[in-house]
Amino acid sequence: MTDGASDSATTPVAVIGPTAAGKSDLALDLAEELGGEVVNIDAMQQYRGMDIGTAKLPVAERRGIAHHQLDVLEVTDIATVARYQAAAVADVEDIRSRGLRPIIVGGSMMYVQSLLDEWAFPATDPVVRAKWESVLERDGVEEIHRALTAADPEAAASILPTDGRRMVRALEVVELTGQPFAASAPKIGAPRWGTVVLGVDRDTTELDERIAERTRLMFETGLLDEVEGLLASGLREGVTASRAIGYAQALDVLAGEYDVEFARERTFIGTRRYVRRQRSWFRRDERVRWLDGASPTLTSDALSAIDPS
């Protein structure tokens, strides 16, 4: 671990919080104001070609600011917290070594904790993993969810019931360690590098409206075309990419299982449910300095929180 926490000019700033709250624009403002580069901490934005459905900021809108951990995976790759952690740590330390300020932005909960709290991941066992993967393959996510509920109710409640891969991992950890999945999580203390952690949120009604509008625009500006183009790259076979909110629903439309209106509604509901989980996770972290994403003085509020003097 690089110490350097006393060097305030390169102390990272993390901008976290629920989807659609306004994190990306704030991160760009802070990067401009503080002389920084952006490190993505959104799991699905790591995938090359998954742009519209992840609300990935187009290159032309990045204000010439370098972005890291975007477009680093193919849709057939499995996104893992451990891979992200190692790569993002290297990015943050490289940015700091050049005298710049890392601006870490996104809302993937376990990714945030892995980066800021030096999460040491439990060992894996291919035999145990294969056993639960075969249950998933044979009996589906419902059976895996039932098994996890019996073994570790807290983990079952915290993991999306459609996220078979993560439930398999939780069952593997529980079986190997004899402890709840959460027991392997790091204890929250001083964040790595002395990172300043800002949270951006909005009134629930307003946030729901923003999610609905974002979802509408996704489908109207080419999500189905994007997904159709990614089929040739193996999207349907991708273990994690194919299950991303919006992409799973678009795949169902292309397969003739949903119409577009139903897919849009399911995407909105799935996103809103995910936002509730993000809020529950991040609000437990007392290090977060919360800001109103709707405030006209959001950037200056953030700068004041970073440097109260």
Side-chain angles (χ1 to χ4, degrees), residues 19 40 42-58 69-84 87 106-108 110-111 124 126 129-148 159-172 211 214-274 277:
T19 297
N40 165 59
D42 181 294
M44 294 304 156
Q45 289 192 8
Q46 295 177 102
Y47 283 109
R48 193 171 292 109
M50 289 176 60
D51 302 331
I52 296 172
T54 65
K56 189 183 298 175
L57 205 62
Q69 295 307 309
L70 294 177
D71 303 323
V72 293
L73 298 178
E74 301 296 339
V75 293
T76 50
D77 293 333
I78 295 176
T80 68
V81 183
R83 187 220 69 85
Y84 172 83
S108 291
M110 293 175 71
Y111 283 58
T124 185
R129 172 70 65 91
K131 178 183 75 172
W132 290 113
E133 285 179 341
S134 69
V135 173
L136 176 63
E137 181 69 24
R138 183 182 66 245
D139 302 321
V141 292
E142 295 84 1
E143 182 58 34
I144 282 290
H145 188 258
R146 277 192 289 271
L148 184 58
I159 298 172
L160 280 175
T162 55
D163 193 343
R165 185 187 65 84
R166 187 165 291 168
M167 289 190 285
V168 164
R169 175 58 174 155
L171 283 162
E172 178 190 23
I211 293 168
R214 175 182 284 192
T215 303
R216 182 186 68 80
L217 287 173
M218 281 165 43
F219 280 91
E220 290 184 2
T221 58
L223 177 60
L224 291 175
D225 290 338
E226 178 174 279
V227 171
E228 191 164 26
L230 289 169
L231 288 175
S233 301
L235 175 62
R236 198 177 292 281
E237 291 72 46
V239 175
T240 46
S242 65
R243 293 175 180 158
I245 299 172
Y247 289 87
Q249 290 76 18
L251 284 168
D252 286 335
V253 171
L254 295 176
E257 296 177 20
Y258 288 175
D259 62 26
V260 174
E261 187 59 37
F262 186 72
R264 190 169 77 181
E265 179 65 16
R266 298 308 300 171
T267 300
F268 168 71
I269 291 170
T271 305
R272 188 172 59 178
R273 184 179 298 125
Y274 182 59
R277 292 179 59 240

Can you give me the closest heavy-atom contact between [X] and [Y], atom names plus distance?
X: Asp139; Y: Glu143; value: CB-CB, 3.5 Å
X: Thr240; Y: Arg165; value: CG2-NE, 2.8 Å
X: Leu224; Y: Val260; value: CD1-CG2, 3.7 Å
X: Ala87; Y: Gln69; value: CB-NE2, 3.4 Å

Atom pair [atom1]/[atom2] of [X] and [Y] - distance to nearest 0.5 Å:
X: Tyr258; Y: Arg264; atom1: OH; atom2: CZ; result: 15.5 Å
X: Glu220; Y: Thr215; atom1: CD; atom2: OG1; result: 11.0 Å
X: Asp51; Y: Glu226; atom1: CG; atom2: CD; result: 5.0 Å
X: Met44; Y: Gln46; atom1: CE; atom2: CD; result: 8.5 Å
X: Leu136; Y: Arg129; atom1: CG; atom2: CZ; result: 11.0 Å
X: Asn40; Y: Ser108; atom1: CG; atom2: OG; result: 7.5 Å

Residue pairs fulfilling side-chain hydrogen bond (donor to acceptor under 3.5 Å, both in side chains) with at least one residue in residues 72-81, sequence neighbours excluded: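 Every pair satisfying side-chain hydrogen bond (donor to acceptor under 3.5 Å, both in side chains) with a residue in residues 72-81: Arg48-Glu74.
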Residue pair Asp71 / Lys56, side-chain heavy-atom distance below 4.5 Å: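 Yes, at least one pair of side-chain atoms sits under 4.5 Å.
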Set of side chain to side chain contact (heavy atoms under 4.5 Å, CB included) partners for Ala241, sequence neighbours left out: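 For Ala241, the residues satisfying side chain to side chain contact (heavy atoms under 4.5 Å, CB included) (neighbours in sequence not counted) are Tyr47, Met50, Val75, Leu235.
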For Glu237, salt bridge (charged side-chain N to carboxylate O under 4.0 Å, His left out) partners two or more places apart: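 In terms of salt bridge (charged side-chain N to carboxylate O under 4.0 Å, His left out), with neighbours along the sequence ignored, Glu237 is linked to no residue.
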For Asp225, salt bridge (charged side-chain N to carboxylate O under 4.0 Å, His left out) partners two or more places apart: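 Partners of Asp225 under the salt bridge (charged side-chain N to carboxylate O under 4.0 Å, His left out) test: none.
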All pairs passing ring-ring contact (aromatic ring centres under 6.0 Å, His included) where residues 233-253 contributes a residue, at least two apart: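 The answer is none; no pair qualifies.
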Glu137 atom CD: more than 12 heavy-atom contacts under 6.0 Å: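 Counting other residues, nucleotides and ligands, CD of Glu137 stays at 12 neighbours or fewer.
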With Tyr84 via ring pair (Phe, Tyr, Trp, His ring centres under 6.0 Å) - residues at least two apart: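 In terms of ring pair (Phe, Tyr, Trp, His ring centres under 6.0 Å), with neighbours along the sequence ignored, Tyr84 is linked to Tyr111.
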